[in-house]
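Single-structure report; data block below.
Indexing begins at 1, ligand by ligand and atom by atom, following the structure's order.
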Amino acid sequence: MSALTARVRSRSDLRSERVAALLGIALGVTFATCFATGLYSHLLQDPPSWFTPPARPAGLYRITQGVHVATGIASIPLLLAKLWSVFPKLFAWPPFTSVTHAIERISLVPLVGGALFQLFSGLANVNLWYPWPFNFRTAHYWVAWITIGALVVHIGAKWATTRAALTRRNAGMRARTEPTNRARVLDRRGFLVTVFGASALLTVFMVGQTVRPLSRLALLAPRRPDVGPQGFPVNRTAAAARVLTSARDPGYRLVVEGNVRRALRLALDELDGLPQRETTLPISCVDGWSASLRWKGIPVHVLLDMAGAGDEATVTVHSLQRRRSYRTSELDVAQARDPDTLLALRVGGERLHIDHGYPLRLIGPNRPGVLQTKWVTRLVVH
Ligand SMILES: Nc1nc2c(c(=O)[nH]1)N[C@H]1C(S)=C(S)[C@@H](COP(=O)(O)O)O[C@H]1N2
Ligand SMILES: [Mo]
């Protein structure tokens, strides 16, 4: 056998059903975890009427979103290897041999397309890169359902093959005494070790953005959790939000209005004079980075009581920012009354940096970063 045919042979051995089955199982686990944590993130950002986001543990979202990004990253090498291992089968002829076979093969289109789209768009989002005209979250959310639906069909269709490929293991072991077979088994093992190793390494180099002890290894993370003004990152700067002038304007006021007995208009020095509370809460960005900080500010319920809002009040928080997303966020009844939901004036003992929301920002327990509105100027009570 020439060296070339030997190589080709050993490659086709790597494309065994067993390799494809093991990669498939790993992908099933990472995709299911990614889907569950993604749904949770979606629910927190847009709670439907039947869902009240839990406020404790205050750092729960930090973990679920860290896991979401980590399992997404871990899936990239797994998916590429899986596609490679089944590649020739994608072009098998005749395309269908039966109705079930047809369904199974057709479901590969949303499965492969959806999986590639999810991993690509997620990775781009972590890098704050939006090379598309549609809304990231809407697309990422709906394609997740399509992908998971196709995955369920795929698992159903492949259940028997996968079991067979994995239980054939004993037969494989016996055959290993034969030298060429042993070489093949070792090749496959080396391939899987490489793929799982690449997946683990990528994950480690990324999760340092939220797992503090690994922060020095966060080589692939676009944001280090300890780098930025006052020692933590910024997603949108005051310049990008075009609030440099309005945030520094001496005419700045916090207005509390809407369904209240007396509306409030408070200047910065008046805000400084109100009862304050200190609390440690993380900023947990949907992009997977997080940073835990010591905040000091006015609990929102103090302002609601001053304004004479009802016990069942909900609040819309408005920023000075005029354009683009994250200018407002909502507080449900529990969040508005939570003692740790603050309009923060200070972080780590210092006046807030303008990029962190000076003069006033919202910070509350177990809220995604996108809901921790910066440059707050108005609370509308409902
Ligand atoms: N007004 C306003 N608030 C905002 C944002 C924004 O773009 N505009 N970005 C949000 C996002 S996505 C995150 S993760 C946090 C980041 O806060 P930081 O920049 O202080 O770290 O602020 C949130 N608050
Ligand atoms: Mo964020």
Out of all atoms in ligand 1, which are within 4.0 Å of some heavy atom of [X]? Include the element for each.
X	value
D355	19 (O)
C285	14 (S)
S319	1 (N)
W375	1 (N), 2 (C), 8 (N)
F232	20 (O), 21 (O)
H356	18 (P), 19 (O), 20 (O), 21 (O)
N235	12 (S), 19 (O)

Using heavy atoms and a threshold below 4.0 Å, how should the contact between [X] and ligand 1 be classified: side chain, backbone, both, or neither?
X	result
I283	side chain
R236	side chain
V286	neither

What protein heavy atom is closest to [atom], reported as residue, atom name and distance in Å?
atom	result
atom 9 (N) of ligand 1	Y326 CD1, 4.0 Å
atom 19 (O) of ligand 1	K374 NZ, 2.5 Å
atom 12 (S) of ligand 1	V370 CG1, 3.5 Å
atom 8 (N) of ligand 1	Q321 OE1, 2.6 Å
atom 11 (C) of ligand 1	G369 O, 3.5 Å

Q: Check the pair L360, W375 against side chain to side chain contact (heavy atoms under 4.5 Å, CB included), reporting the backbone distance first and the verdict last.
A: CA-CA 5 Å; L360 201 61; W375 314 292; over 6 Å; no
field: Ring-ring centroid check H68 Y40, cutoff 6.0 Å
entry: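 Here the rings of Y40 and H68 have centres that are no less than 6.0 Å from each other.
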- Task: Give, for atom CZ of R223 and atom SG of C285, the distance between the pair rounded to the nearest 0.5 Å.
- Result: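 Atom-to-atom, R223:CZ and C285:SG are 6.0 Å apart.
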Margin query: Nearest 0.5 Å, please: how far is CG in L293 from NE2 in H356?
Written below: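 Rounded to the nearest 0.5 Å, the NE2-CG separation comes to 7.5 Å.
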Is it true that [X] and [Y] make a salt bridge, defined as a side-chain N closer than 4.0 Å to a carboxylate O?
X	Y	answer
R367	D340	no
D305	R261	no
K158	E104	yes

Under 6.0 Å from the CZ atom of R322, do we count more than 12 heavy atoms belonging to anything else shown?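 Open.
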- Query: Any side-chain donor-acceptor pair under 3.5 Å between T373 and S329?
  - Reply: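 S329 and T373 do have a side-chain donor-acceptor pair below 3.5 Å.
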### Query
Going by distance alone, is a donor N or O of one side chain under 3.5 Å from an acceptor N or O of the other, for S290 and S284?
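Side-chain D/A pair, S290 to S284: absent.
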**Q.** Axial cation check for W84 ring with R15, 6.0 Å and 45° limits
**A.**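 Here R15 passes the 6.0 Å and 45° test against W84.
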Close approach, L362 and ligand 1, non-hydrogen under 4.0 angstrom: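 In this structure, L362 fails to qualify as a contact of ligand 1 - no heavy atom is under 4.0 Å.
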Pick, from R361, Q372, R327, the option with the minimum heavy-atom distance to atom 17 (O) of ligand 1.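 Minimum heavy-atom distance to atom 17 (O) of ligand 1 goes to R361.
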Discussion item. So for ligand 1, is W289 a polar contact partner (N or O within less than 3.5 Å, distance only)?
Written reply: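 No, no N or O pair falls under 3.5 Å.
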- Is the shortest N/O to N/O distance between P233 and ligand 1 below 3.5 Å?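 Yes, at least one N or O pair falls under 3.5 Å.
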Can you tell me which residue among T314, T316, N259 is in a side-chain hydrogen bond (donor to acceptor under 3.5 Å, both in side chains) with H382?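 For H382, the side-chain hydrogen bond (donor to acceptor under 3.5 Å, both in side chains) test succeeds with only one of T314, T316, N259, which is T316.
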